[in-house]
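This report concerns only the one structure given below.
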Amino acid sequence: MYDLIVIGAGPGGYVAAIKAAQLGMTVAIIEKENVGGTCLNRGCIPTKTLLHAAEIIEETKIGKGSGIHFEEMRIDFQQLYQRKNEVVSKLVDGIENLLKSNGVVTIFGTAEIIGEHEVRVGEEKLSAKNILIATGGKPIVPPIKGINLPQVLTSDGLLAEAPNLNN
């Protein structure tokens with residue numbers, strides 16, 4: 001039996017889990033994908049990594065006015081997205097290590113609350129004195145004609161992989 005089970009390992013969940021563990025509670029955190037939530041995996045951090053590349057491009061353009069010229073500027077989207085994935089992976093690893101070093105048990109899977117003090121993840125049943133739901137958010141897709149066309153993306157889809165500009 002845990003003192004606390006946290007469902008969702010985004011910024012709200014993992015911070016709460018770590019603080020509870022630091023206060024002496026036995027804590028498990030359940031995450032269906034990657035720790036860090038939307039911000040780290042499909043939002044703020046990937047966007048900032050891509051924005052940094054855009055800022056470099058803009059600085060390069062400004063450099064022309066200062067006498068700095070480049071013969072060819074080319075953007076390798078595959079490499080750019082690989083860099084984004086490396087940044088995200090490093091931060092995810094850091095959060096996983098924080099959880100582990102604070103004694104938080106991380107369980108990957110989809111949580112289902114099955115009783116006042118019980119949670120099921122797959123076939124495993126867990127019990128806790130307290131359950132904290134910190135499941136975060138996801139993009140809303142409005143019912144618009146054509147929304148399912150391949151060219152229509154949510155922020156999740158846009159940040160998931162490099163665009164194919166050959167189409």
Side-chain angles (χ1 to χ4, degrees), residues 5-18 28-65 68-100 104-114 119-124 126 131-167:
I5 291 176
V6 179
I7 301 172
Y14 77 76
V15 171
I18 290 169
I29 191 164
I30 302 168
E31 174 56 48
K32 69 178 177 179
E33 294 177 8
N34 298 315
V35 301
T38 297
C39 179
L40 175 52
N41 292 285
R42 298 176 307 280
C44 312
I45 301 303
T47 301
K48 287 179 182 177
T49 303
L50 297 176
L51 180 60
H52 178 69
E55 290 168 347
I56 292 170
I57 292 167
E58 187 61 25
E59 287 294 319
T60 303
K61 290 178 182 177
I62 292 170
K64 290 180 182 180
I68 302 169
H69 301 278
F70 295 92
E71 294 301 317
E72 177 187 359
M73 184 181 345
R74 185 177 63 82
I75 301 169
D76 182 335
F77 282 101
Q78 296 300 319
Q79 187 174 357
L80 181 59
Y81 272 67
Q82 180 180 340
R83 171 70 179 139
K84 177 221 24 130
N85 292 339
E86 289 168 359
V87 169
V88 168
S89 179
K90 184 176 181 178
L91 293 172
V92 166
D93 289 347
I95 293 170
E96 287 176 347
N97 287 331
L98 275 173
L99 289 164
K100 185 177 181 178
V104 176
V105 175
T106 303
I107 301 166
F108 289 97
T110 301
E112 178 185 4
I113 299 172
I114 57 174
V119 175
R120 180 175 37 230
V121 182
E123 299 299 316
E124 186 178 5
L126 308 167
I131 299 171
L132 173 64
I133 302 171
T135 54
K138 63 181 181 178
I140 295 175
V141 180
I144 298 173
K145 186 176 181 177
I147 198 76
N148 295 323
L149 292 172
Q151 302 89 346
V152 179
L153 300 171
T154 65
S155 57
D156 284 0
L158 179 66
L159 294 169
E161 59 187 69
N164 181 356
L165 300 178
N166 296 327
N167 293 339

Out of curiosity, [X] [atom1] to [Y] [atom2], how far, rounded to the nearest 0.5 Å?
{"X": "E31", "Y": "T135", "atom1": "CD", "atom2": "OG1", "value": "10.0 Å"}
{"X": "Y14", "Y": "T106", "atom1": "OH", "atom2": "OG1", "value": "12.5 Å"}
{"X": "N34", "Y": "R42", "atom1": "CG", "atom2": "CZ", "value": "8.0 Å"}

- prompt: Between I7 and I113, is a side-chain contact (heavy atoms from CB on, under 4.5 Å) present by the stated rule, with each step listed?
  reply: CA-CA 9 Å; I7 301 172; I113 299 172; 3.8 Å; yes

- prompt: I68 and T60: side-chain contact (heavy atoms from CB on, under 4.5 Å), yes or no, with the steps?
  reply: CA-CA 8 Å; I68 302 169; T60 303; over 6 Å; no

- prompt: Between the side chain of E112 and the main-chain N/O of R120, is any donor-acceptor distance below 3.5 Å?
  reply: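 Side chain of E112 to backbone of R120, a donor-acceptor pair under 3.5 Å: no, none is there.
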
Which heavy atom of [X] sits nearest a heavy atom of [Y], and at what distance?
{"X": "C39", "Y": "P46", "result": "O-CD, 3.7 Å"}
{"X": "G36", "Y": "N41", "result": "C-ND2, 3.8 Å"}
{"X": "A134", "Y": "G12", "result": "CB-C, 4.3 Å"}
{"X": "I30", "Y": "A111", "result": "CG2-CB, 3.7 Å"}
{"X": "Q79", "Y": "D76", "result": "N-OD1, 3.0 Å"}
{"X": "K32", "Y": "T110", "result": "CB-OG1, 3.9 Å"}

task: Begin with the C-alpha distance, continue with both residues' side-chain angles, and end with the deciding distance and a verdict on side-chain contact (heavy atoms from CB on, under 4.5 Å) for I107 and I29.
output: CA-CA 6 Å; I107 301 166; I29 191 164; over 6 Å; no

- prompt: Among all residues two or more places apart in sequence or in another chain, which pass the side-chain contact (heavy atoms from CB on, under 4.5 Å) test with L80?
  reply: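 Testing L80 for side-chain contact (heavy atoms from CB on, under 4.5 Å), a comparison that skips the adjacent residues, returns L50, A53, I75, F77.
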
Could you pull out every donor-acceptor pair under 3.5 Å between side chains of residues 87-99 and any protein atom, sequence neighbours left out?
| residue | atom | partner | partner atom | Å |
| --- | --- | --- | --- | --- |
| N97 | ND2 | D93 | O | 3.2 |

- prompt: Is any NZ, NE, NH1 or NH2 atom of the basic residue among K48 and E55 found under 4.0 Å from an Asp or Glu carboxylate oxygen of the other?
  reply: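 No.
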
- prompt: So which of I133, V105, L132, V119 actually passes side chain to side chain contact (heavy atoms under 4.5 Å, CB included) with I5?
  reply: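 So, applying the side chain to side chain contact (heavy atoms under 4.5 Å, CB included) to I5 and each of I133, V105, L132, V119, only V119 qualifies.
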
